*Asks:* 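What follows is a single structure, and I will ask about it in a moment.
The model shown is predicted, which means the values in this text are computed figures rather than measured ones. Lettering follows sequence order; numbering is per chain, from 1.
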Amino acid sequence: MLAETTTNATGKKEIFSNKEIHRVLRNVAASYLILNENKFKVIAYQKAADTVEHLTRELHDIWQEGSLKDVPGIGPSIGSHIDEYFRTGRSSHFEKVFKGIPPSVFALMKVPTIGPKTAFKLAQELHISYPKKAVEKLEEAAKKGRIRSIPTFGEKSEGEIIQAIEAYKKGGMQMERMVLPYAHERAVHLMDYLKKNPLIKRIDALGSMRRMVSTIGDIDIAAVITDETKSSEVIHYFTQYEGTTRIDNAGEAKASIIVPPHIRVDLRIQSESTYGTMLQYFTGSKAHNIKLRDYANKIGFSISEYGVKPTRKFKNSNYKKYSFNRNKEMFEFSNEETLYEFLGLPFIPPEIREGTNEIDLAKKNGLPLLVELKDIRGDFHIHSSYDISTSHDVGKNTYKEIFQNADTLGYEYVGFADHNPKTSGSTSEDITAIMKKRKADIEKQLSSLKQTELHYFIGLEVDILTSGELALPAGALEYVDYLIVSVHSVFSMDVEQMTKRILKALSFPKVKILGHPTGRLLTKRNGYKFDWNQICKEAVERNIGIEINAWPERLDASDSMVRSGIEKGVQFFINTDAHANEQMGNMLYGVEVARRGWASKSDIINTLSYKKVKEWLECC
DNA sequence: GCCGTTTTCGGCCCGACTGTTTTCAGTCG
């Protein structure tokens, strides 16, 4: 049960990471379930595991502050076991629980459709005890027909297990999720297909896509149909979608299919009069739904995707304006706004429905007014086609074309941020001369344009060298209004070195933006490791904005970094990093990261007016 | 085992689908 002792982004031992604690708690819950412990004890451990999984801070840090008891779902008992675990690297209690469970059980549980009980039974009956080759051994047994003879299993479930293992092996090889725009494209294609069916009246993509999560694991679609008696026709039509590789399940009200490359698509069908509760339910997140339903229970109502049932006597007069279905004895909602209102809550934007503390704050009317795309008044990170002999990619469009496009987008200002000229083979004087000429050329190119309300800034995206020095001579600073500094090479430094490197880069004059601060490429490359808290502190002190890079594969700072940054007083820029005019439209994705990070307009610097933003850049 | 818009005791989100069963347990979202 001890994991490898590597260090993670915050410098903590890996066995103390949230990921590891989450795994241990999850396994305790599974073990209790297998051991037929009190089911609410099982739920308690699952809840604690969920909380740790979604924590935006390291539990180990919280423990060091002595605040474990403030973490929801962690009470005196679980808290004391975690305390022991953090102090000694093990927990005698957890070890005792695991004693009766073969370790193979947790390995088998990774296969879809195999839960704790099934895994335990299979491990026992087939004598599989070691985790390493557990799945392999199960597959072998299934293919030899040894599962069908186990009580409560049959030929069909044996076949299911073989299929599930195949899916697991495929999934294991490409665990990556889809980036949001790609998932969106897939969803649109599917919805276009569904819309061709005349029975479908309304259709929406919900789940993580509606919450605008940066990467999407599966696609959730809800539909209203015109004739409720014909839902199975629509379900059948759905399962016939071109390229469907597998029908996972298909009933009267919902179905799931798998489409290439291993994307799960869930469809739910519902009547129009109750569609509001369906929107709410299917948008999730699961954690938000559990908390919302829990809250509703406390005020005397039980929520499902079909409506809201009173669980005790209620004052009719308070709820007169809402639609009550006498047959089903429940309130019905055709839209979400009314549902939240009914519960005494303001509308909670889908982006923040993650089950953190949004419901508590909503009760107190304490939710922030989230930033919107229309609040954005400019973009500071755009690459042009202008040749300053950089060693990175240049953009596709001229300054003039970028400027005109920014005008079309209704911006008040635009910032040109080409990559710095390459430093090898040229002297500081050469580079300074290039920068001087660039400034003159920009001014010349844009002077011929007719008067607009649009202003421009001359910026530059400069590499942070491994030493933390900038790849730009001091003499060149005269020819820029601001610098974005970014790490573009040597990602594999340890936390301490990388933090030092970035801190040093932030100390140079005219540095106003820390660009794509993790260097990650979603689904492809993890970011480099550094101390986020220290960088935030420095950024606040030096009046430097941290970038939310709207490039769909970057989207960093991430939503959780944004939220923690805001708590520390950090201000952010949302920039597209566009290398072509059409990419300037990616701004929406950056705004969505900000919204998921609970950012309001005042947290985002490029929502300021031209005058204010100019002052901001010139300040300090 | 956790927790408080009814509570320090008595609740704990809710429903669909599947396979192996004759009424339900397990899994999933």
*Asks:* Checking A:F86 now: which residues fulfil ring pair (Phe, Tyr, Trp, His ring centres under 6.0 Å) with it, not counting sequence neighbours?
*Replies:* A:F16, A:H60, A:W63
*Asks:* Without decimals, in angstroms, what is the distance between A:L33 CG and B:dG1 C1'?
*Replies:*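 Rounding to the nearest Å, CG of A:L33 and C1' of B:dG1 are 15 Å apart.
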*Asks:* At a heavy-atom distance below 4.0 Å, what parts of residues 309-318 of chain A sit against DNA chain B?
*Replies:*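 Here the set is A:R312.
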*Asks:* From NZ of A:K291 over to P of B:dG29, roughly how many Å is that when rounded to an integer?
*Replies:*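 Value for this atom pair: 21 Å.
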*Asks:* Want to settle it: does A:I43 or A:P76 sit nearer the 5' end of DNA chain B, counting the closest nucleotide to each?
*Replies:*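 The residue closer to the strand's 5' end, by nearest nucleotide, is A:P76.
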*Asks:* Taking the six-membered ring where the residue is Trp, are the ring centres of A:Y275 and A:Y281 under 6.0 Å apart?
*Replies:*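 No - the distance between ring centres of A:Y275 and A:Y281 does not fall below the 6.0 Å cut-off.
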*Asks:* Can you find a side chain N or O atom of A:Y45 that sits less than 4.0 Å from OP1 or OP2 on B:dC2?
*Replies:*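 For B:dC2, OP1/OP2 do not have a side-chain N/O of A:Y45 under 4.0 Å.
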*Asks:* How would you list all residue pairs meeting side-chain hydrogen bond (donor to acceptor under 3.5 Å, both in side chains) that involve residues 232-244 of chain A, not counting sequence neighbours?
*Replies:*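 Of all non-adjacent pairs touching residues 232-244 of chain A, those that pass side-chain hydrogen bond (donor to acceptor under 3.5 Å, both in side chains) are A:H189-A:Y241.
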*Asks:* Measure the distance from CZ on A:R148 to P on B:dT21 and round it to the nearest whole Å.
*Replies:* 14 Å
*Asks:* OP1 or OP2 of B:dT20 less than 4.0 angstrom from a side-chain nitrogen or oxygen of A:S157, does that happen here?
*Replies:* yes
*Asks:* How many Å lie between CG on A:D266 and P on B:dG15, as a whole number?
*Replies:* 19 Å
*Asks:* Please report the distance, rounded to the nearest Å, between CD in A:E305 and C1' in B:dC28.
*Replies:*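 So the two atoms are 13 Å apart, to the nearest Å.
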*Asks:* Taking the six-membered ring for Trp and the full ring for Phe, Tyr or His, determine whether the centres of A:Y193 and A:F238 are under 6.0 Å apart.
*Replies:*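 Aromatic pair excluded; centres sit 6.0 Å or further apart.
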*Asks:* Over how many whole Å does the gap from A:D50 atom CG to B:dC12 atom P extend?
*Replies:* 18 Å
*Asks:* Check for me whether A:R353 meets the cation-pi criterion with A:Y340, that is, NZ or CZ under 6.0 Å from the six-membered ring centre and within 45 degrees of the ring axis.
*Replies:*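 A:R353 over A:Y340 ring: no.
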*Asks:* If you compare every side-chain N and O of A:S304 against the phosphate oxygens of B:dC14 (OP1, OP2), does one of them come in below 4.0 Å?
*Replies:* no
*Asks:* Of the options B:dT27, B:dC14, B:dG29, whose atoms approach the side-chain atoms of A:S302 most closely?
*Replies:* B:dC14
*Asks:* Aromatic ring centroids of A:F324 and A:Y319 under 6.0 Å?
*Replies:* no
*Asks:* Taking only residues at least two apart or on different chains, which pairs with a member in residues 102-116 of chain A satisfy side-chain hydrogen bond (donor to acceptor under 3.5 Å, both in side chains)?
*Replies:* none
*Asks:* Does A:N297 have a side-chain nitrogen or oxygen under 4.0 Å from the phosphate oxygens OP1 or OP2 of B:dC14?
*Replies:* yes
*Asks:* Strictly below 4.0 Å, heavy-atom distances to any atom of DNA chain B: list the hits from residues 101-109 of chain A, or just say none.
*Replies:*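 DNA chain B contact set from residues 101-109 of chain A: none.
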*Asks:* Does B:dC3 have its OP1 or OP2 closer than 4.0 Å to a side-chain nitrogen or oxygen of A:K47?
*Replies:* no
*Asks:* Is it true that A:F94 and A:Y85 have ring centroids separated by less than 6.0 Å?
*Replies:* no
*Asks:* Kindly point out which of B:dT27, B:dC28, B:dC13 is positioned nearest to the side chain of A:T118?
*Replies:* B:dT27
*Asks:* Given B:dG29, B:dG1, B:dG15, which nucleotide is nearest the side-chain atoms of A:I78?
*Replies:*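 Closest nucleotide among those given: B:dG1.
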*Asks:* If the threshold is 4.0 Å, N to carboxylate O, is there a salt bridge linking A:R87 and A:E84?
*Replies:*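 Looking at A:E84 together with A:R87, the answer is no, because their closest N to O distance does not fall below 4.0 Å.
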*Asks:* Could you list by number each residue of residues 238-255 of chain A showing a heavy-atom separation from DNA chain B of less than 4.0 Å, or answer none if no residue does?
*Replies:*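 A:N249, A:A250, A:G251, A:E252, A:A253, A:K254 - these, ordered by number, are the residues of the stretch whose heavy atoms sit under 4.0 Å from the strand.
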